[in-house]
Engineer: 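Attaching a single structure in structure tokens format; questions to follow.
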Amino acid sequence: MESGQPPHFLWNRGDEEGRHYWRRLGEEKISIRQNAAGEMQASPGHAKHASKLLRAGDDLEKIYSTIAAEDAVMARAIEKFRGMRLTKSGEWETLVSFLCSQNSNMARIRNNVQMLLRDGSVLAPEEILQLPPMQLKKINLGYREQYLLASAAMVAGGEFDLPGLHGLSCEDARAELQRLPGVGPKVADCVLLYGFGRLEAFPNDVWVGRAMQKWYGVATPRQVKEFAERKWGVLAGYAQQYLFMLAREKLR
DNA sequence: CCCCAGGCACAGC
DNA sequence: GCTGTGCATGGG
């Protein structure tokens with residue numbers, strides 16, 4: 001919930017003891033927690049939502065044994081962040097989150113995304129387009145504001161079919177996403193991984209780049225992409241998330 | 001006050 | 001195709 005994935009920007013940490021997070025959902029409030037036994041608990045009627053969000057079907061131990069095979073770095077990352085899951089958020093809210101993310105930092109991204117919420121949900125493309133310029137300016141998106149507006153216009157105008165990406169191969173969906181202003185290789189991979197559940201996507205940001213350089217001796221984006229695909233295959237997204245967290249702690 | 005941030009678009013090779 | 005550069009602005 002606090003690993004730089006969309007829930008980091010969309011959900012709130014509860015004040016009470018224990019791991020507890022909540023989010024408004026229209027008129028009601030959905031909350032999830034982890035009990036003393038390590039089990040996930042959701043507010044009444046929200047178990048299904050929580051299971052999907054936290055990808056309860058993923059077998060972490062099986063994933064660990066696959067991605068950490070003959071890989072001391074990955075084994076270390078898993079040891080340190082054991083239990084961290086990939087998450088599945090909405091397609092649009094994921095796209096908006098990472099349109100806000102470029103050349104920014106996590107605290108600011110969260111502030112930006114929080115400003116784009118109404119009743120706990122990210123404003124629809126049409127609603128963003130209707131925001132008065134002054135109000136939009138106050139969100140402090142900087143130059144990303146133009147990217148958000150232009151991308152929202154393409155989605156709202158039917159020029160871009162976001163849910164339609166589900167029907168494409170990962171590679172095709174990635175190319176399609178990069179038609180959107182402000183979406184390059186990295187943002188596209190984040191949207192595919194966190195918003196479309198494409199676990200083979202491998203977002204290559206500054207931290208992952210440093211990790212790949214220092215720990216695997218791989219430098220260029222091209223090399224990184226090929227290396228990740230060969231080494232971790234369809235689980236590259238999980239490997240990336242653990243590398244990201246380890247890099248932020250060790251390569252600060 | 002300075003440095004950097006979950007990058008991208010664009011220009012120039 | 002690859003490399004360098006500017007970018008608005010807040011957080012630490």
Engineer: Any base atoms under 4.0 Å from A:Leu180, or only sugar-phosphate, or nothing? Heavy atoms, all strands.
Structural biologist: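 Sugar-phosphate contact only.
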Engineer: Starting at OH of A:Tyr147 and ending at C1' of C:dG6, how long is that distance when rounded to a whole Å?
Structural biologist: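 Rounded to whole Å, this separation is 10 Å.
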Engineer: Starting at the 5' end of DNA chain B and moving along, which residue's nearest nucleotide shows up first, A:Arg248 or A:Val183?
Structural biologist: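 The residue whose closest nucleotide sits nearer the 5' end is A:Arg248.
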Engineer: Would you please indicate yes or no on a ring centroid separation below 6.0 angstrom for A:Phe196 and A:Trp92?
Structural biologist: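 Centroid distance A:Trp92-A:Phe196: not below 6.0 Å, so no.
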Engineer: Taking only N and O in the side chain of A:Lys137, is any of them less than 4.0 Å away from OP1 or OP2 of C:dT9?
Structural biologist: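 So the side-chain polar atoms of A:Lys137 do come within 4.0 Å of the phosphate oxygens OP1 or OP2 of C:dT9, strictly under.
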Engineer: Can you find a side chain N or O atom of A:Asn111 that sits less than 4.0 Å from OP1 or OP2 on C:dG11?
Structural biologist: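 Answer yes for this pair, as a side-chain N or O of A:Asn111 is under 4.0 Å from OP1 or OP2.
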Engineer: Quick check: any donor-acceptor pair below 3.5 Å linking the side-chain of A:Arg144 to the base of C:dA8?
Structural biologist: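 Indeed there is one.
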Engineer: In whole Å, what is the span from the CD1 atom of A:Ile109 to the P atom of C:dG11?
Structural biologist: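 Going from CD1 in A:Ile109 over to P in C:dG11 covers 12 Å.
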Engineer: Would the distance check show the side chain of A:Arg110 and the main-chain N or O of A:Trp11 forming a donor-acceptor pair, the cut-off being under 3.5 Å?
Structural biologist: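 Side chain of A:Arg110 to backbone of A:Trp11, a donor-acceptor pair under 3.5 Å: yes, one is there.
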Engineer: Classify A:Ser3 by what it touches in the nucleic acid, base, sugar-phosphate, or nothing, heavy-atom distance under 4.0 Å.
Structural biologist: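 It contacts base atoms.
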Engineer: May I ask you to check whether A:Gln34 and A:His20 show a side-chain donor-acceptor distance below 3.5 Å?
Structural biologist: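 Short answer, no.
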Engineer: Whole Å only: how far is the CZ atom of A:Arg222 from the P atom of C:dG1?
Structural biologist: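 After rounding, the gap between these two atoms is 10 Å.
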Engineer: In terms of side-chain heavy atoms, does A:Tyr216 have a donor or acceptor partner in A:Gln223 at a distance below 3.5 Å?
Structural biologist: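 There is no such pair between these side chains.
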Engineer: Respond yes when some side-chain nitrogen or oxygen of A:Arg210 is under 4.0 Å from OP1 or OP2 of B:dA5, and no when none is.
Structural biologist: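 Checking B:dA5 against A:Arg210, a side-chain N or O does come within under 4.0 Å of OP1 or OP2.
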Engineer: Measure the acute angle between the ring planes of A:Tyr64 and A:Tyr242, then classify it against the limits of 30° and 60° as parallel, tilted or perpendicular.
Structural biologist: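 Perpendicular, since the angle between the ring planes exceeds 60°.
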Engineer: Whole angstrom is fine here: how far is it from CG in A:Leu177 over to P in B:dG7?
Structural biologist: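 Those two atoms, CG and P, are 17 Å apart.
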Engineer: Distance between the P atoms of C:dG12 and B:dG7, in whole angstroms?
Structural biologist: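 These two P atoms come out 16 Å apart once rounded.
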Engineer: Which part of the nucleic acid, if any, lies within reach of A:Gly184 when heavy atoms closer than 4.0 Å are counted: base, sugar-phosphate only, or nothing?
Structural biologist: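 A:Gly184: backbone/sugar contact only, no base atoms under 4.0 Å.
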Engineer: Round to the nearest Å and state the distance from A:Arg108 atom CZ to B:dG7 atom C1'.
Structural biologist: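 Answer to the nearest Å: 13 Å.
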Engineer: Let me know the distance between CD of A:Gln178 and P of B:dA9, rounded to the nearest Å.
Structural biologist: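 It is 8 Å, rounded to the nearest whole Å.
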Engineer: Mind checking the P distance from B:dA9 to C:dG10? Whole angstroms is fine.
Structural biologist: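 It works out to 23 Å between them.
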Engineer: CG of A:Leu148 versus P of C:dT9: gap in Å, rounded?
Structural biologist: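 Spelled out: CG on A:Leu148 to P on C:dT9 is 15 Å.
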Engineer: Identify whether any heavy atom of A:Gln241 sits under 4.0 Å from a base atom; if not, whether one sits that close to sugar-phosphate; answer base, sugar-phosphate or nothing.
Structural biologist: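 Base contact - A:Gln241 has a heavy atom under 4.0 Å of at least one base atom.
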Engineer: Looking at A:Asn140, I'd like to know whether one of its side-chain N or O atoms comes within less than 4.0 Å of OP1 or OP2 on C:dG10.
Structural biologist: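 Result: yes.
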Engineer: Anything under 30° is parallel, anything over 60° is perpendicular, the rest tilted; go ahead and classify A:Phe98 against A:Tyr194.
Structural biologist: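 Judged by the thresholds at 30° and 60°, the geometry between A:Phe98 and A:Tyr194 is parallel.
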Engineer: Between A:Ala107 and A:Gln102, which has a closest nucleotide on DNA chain C that is more 5'?
Structural biologist: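 Per heavy-atom nearest nucleotide, the more 5' residue is A:Gln102.
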Engineer: Just compare C:dT9, B:dC8, C:dC7 and give me whichever is closest to any side-chain atom of A:Lys186.
Structural biologist: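 It is B:dC8.
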Engineer: Measuring only the P atom in each nucleotide, how far is B:dC1 from C:dA8? A whole number of Å is fine.
Structural biologist: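 These two P atoms come out 22 Å apart once rounded.
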Engineer: With heavy atoms under 4.0 Å as the rule, sort A:Tyr194 into base, sugar-phosphate or nothing.
Structural biologist: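 Base, at least one base atom sits under 4.0 Å.
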Engineer: Record whether the side chain of A:Tyr143 comes under 3.5 Å of the base of B:dG7 through a donor-acceptor pair of N or O atoms.
Structural biologist: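 Yes, a donor-acceptor pair under 3.5 Å.
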Engineer: Between C1' on C:dT9 and CD on A:Glu145, what's the gap in Å once rounded to a whole number?
Structural biologist: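 One finds 12 Å between C1' of C:dT9 and CD of A:Glu145, rounded.
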Engineer: Checking contacts here: which listed nucleotide (C:dT9, B:dA5, B:dC8) is nearest the side-chain heavy atoms of A:Asn105?
Structural biologist: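 Of the candidates, B:dA5 comes closest.
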